[in-house]
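Let me begin by presenting the structure, written as C-alpha cells, before commenting on it.
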2 protein chains.
Amino acid sequence: MARAGLPLARIAARPEPAGRSERVREIVAAGLALLAAEGADALTMRRLGDEIGIRAASLYKHLPGKPALEAALVETGLFEMGDALHAVVDAAGPADVVAALLAEYRRFALMSANLYRLATSGRIDRSLLTPGLDGWSGEPFYRATGDPWVAQALFAAAHGAVILEMDSAYSDMSDLDATWRALARAFTT
Amino acid sequence: MARAGLPLARIAARPEPAGRSERVREIVAAGLALLAAEGADALTMRRLGDEIGIRAASLYKHLPGKPALEAALVETGLFEMGDALHAVVDAAGPADVVAALLAEYRRFALMSANLYRLATSGRIDRSLLTPGLDGWSGEPFYRATGDPWVAQALFAAAHGAVILEMDSAYSDMSDLDATWRALARAFTT
DNA sequence: TTGACGTAGCTAACAGCGTTAGCCATAGTG
DNA sequence: CACTATGGCTAACGCTGTTAGCTACGTCAA
C-alpha cells in the first residue's frame, strides 16, 4: 500500500561496476551497437570480431565466452536503466510517481528493445553480473510504491506490458497507451 | 473497470486447428515432450529425429522447418491454455474471477515453463498460427475484467509475474505468493 | 501385370555457430 | 640481451538448420 511522503529515499547504493580494459570496453560497445542495429541473430562472435577488426577467436583473449559478453551487455543496460529510473523517481511527486516511472520504463525498454529482450530472455547467468545490480536497478519500483510486494507486482506488470507492446508491434493496432494508463491506474490507489 | 454481472459470456469462437497428419502429430508430441523435459537447447532437429526414430533431414518431409515446428508447439500450448482459462472463468463468480484467472494462468505457465518461454520469446512467427487463436486464448482476461484495456493490462501483469517467478526460481527467495496477491488486489476494484 | 507416380525414408554435404589448440610477432622488463 | 606476457593469427572440432539427390514402397491406371 502506498504511504504518504513518497517517493521514498534511495537505500541501496549504486554498485561499483567491475573494471574493464580499454579493449573490452570497445568490444562491449561494438556488441551493444550490433545488437541494437541488427538484433540478436546478428550478434555472433565472427560478426563482432569483424566490427572491431579482429578474428572471432581473438575475442577469447579478452572475454571467456559469449555468455560473458551477453552478461556485459545486459550489465550496461541495467546500469543505464537504473540511473534513468532513479532519476525519474527523484524528480516525481507522490501523486504521479507511478505513472512517471512506468512511462520512463516503457520509453527506455522500447528504445533498446533488442537489449531488453536479451536481458529478460532467461539465459543470462545472473552470477556474472555485478553483485547488487539487480536489486539496485529494481529499487525505483520500491521507492515508488513503498511496499516490496506491490513493487514486485508493478515491476512485473511493467515488464509484461513492454513485452506485449514489442510482440504486437507489427501485428496489432490496439491502443497500447490506454493499456499503460490502465496499468498506472490499477497501481495508483 | 469491472462491472456487475461478470464473468462475461464467451464471444470469440474457439478457432478450428489446422488438420495435421498422424506423423506430424507424432512429431509435435515428441517435440513437446523433449522441450518440457530438457529445455529449448535440447530441441534440435537431430535430437527430435532420434526421438521418433528417423533422421533429422526426414523431418523436412513433414514440416517446412524449425520455425514451423516451434509454431506448432506454441499453438498446442495456446489451445490448452485457452481451454483452461476459459473453463476457470466459466466456473468463477464475479468477486473472485480475477484471482482465479491469475492463479490458473500462473499454474499453467509454470507447469510448462519451457513452452511458455518459447511462446513468449518473440521469435514465433504469429502468421504461422491458426487465425484467431491469439484473440481467443486471451479472451478470458476480457471476460474477467469487462474492459479491453484493463484486460490487456492484467494479461501483461500476469505474464510479467510469470517471467519474474521463472527468473528468480533459482536465485531469489522472495515471496512470490505475496506478489501475486498484490497483483490480484490491484486489479480487483 | 506392368508402368507411373507420389510418399517418406536415407546419406552426404554446406554454411554458419561457439570454441579450442597451437603458432608467432611485438612490447615491456630483469 | 634474454624472458615473458599479451594479443593477434590460422586451422580445426563438433554442433546447428537445411538442401540435394537417391531409393524403396504403396497406390492407382492402363
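All heavy atoms count here, side chains included; hydrogens, waters and symmetry mates do not. Below, chain A is the first sequence line, B the second, and so on; all start at residue 1.
Under the side-chain contact (heavy atoms from CB on, under 4.5 Å) criterion, Ala119(A) pairs with Val74(A), sequence neighbours left out. Residues satisfying the side-chain contact (heavy atoms from CB on, under 4.5 Å) criterion with Ala84(A), sequence neighbours excluded, are Glu104(A), Phe108(A). Arg117(B) is linked by a salt bridge (Lys or Arg N to Asp or Glu O under 4.0 Å) to Asp167(B), counting only residues two or more places apart in sequence or in another chain. Under the side-chain contact (heavy atoms from CB on, under 4.5 Å) criterion, Ala157(A) pairs with Leu183(A), Phe187(A), Ala157(B), not counting sequence neighbours. The side-chain contact (heavy atoms from CB on, under 4.5 Å) check on Ser127(A) picks up Asp125(A), with sequence neighbours excluded.
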Would you list the atom pairs, donor with acceptor, under 3.5 Å between side chains in residues 34-45 of chain B and any protein atom, with sequence neighbours excluded?
unit_1, atom_1, unit_2, atom_2, d
Glu38(B), OE1, Arg47(B), NH2, 2.9
Glu38(B), OE2, Arg47(B), NH2, 2.5
Thr44(B), OG1, Arg47(B), N, 3.1

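Inspection of the Glu75(B) and Thr130(B) side chains reveals an N or O donor paired with an N or O acceptor under 3.5 Å.
Annotation: side-chain hydrogen bond (donor to acceptor under 3.5 Å, both in side chains) contacts involving residues 55-74 of chain A, sequence neighbours excluded, comprise Glu70(A)-Arg123(A). The list of salt bridge (charged side-chain N to carboxylate O under 4.0 Å, His left out) pairs with a residue in residues 88-102 of chain A, not counting sequence neighbours, reads Arg10(A)-Asp90(A), Asp90(A)-Arg143(A).
Ring geometry for Phe155(A) versus Tyr105(A): interplanar angle over 60°, hence perpendicular rather than tilted (30 to 60°).
Summarising the local packing, CH2 of Trp136(A) is surrounded by more than 12 heavy atoms from other residues, nucleotides or ligands at distances under 6.0 Å.
If you walk DNA chain D from 5' to 3' and mark each nucleotide with an atom closer than 4.0 Å to a heavy atom of chain A, the marks span dG7(D) to dA12(D). Extent of DNA chain C lying under 4.0 Å from chain A heavy atoms, first and last nucleotide in 5' to 3' order, is dC17(C) to dT20(C).
Looking at residues 59-78 of chain A, you'll see Tyr60(A), Gly65(A), Lys66(A), Pro67(A) sit with a heavy atom under 4.0 Å from some atom of DNA chain C. Residues of residues 41-57 of chain A that place a heavy atom closer than 4.0 Å to DNA chain C, in numerical order, are Leu43(A), Thr44(A), Met45(A), Arg46(A), Ala57(A).
Under the 4.5 Å side-chain heavy-atom criterion for Ile, Leu, Val, Met, Phe, Trp and Tyr, Met81(A) and Leu73(A) are members of distinct hydrophobic clusters.
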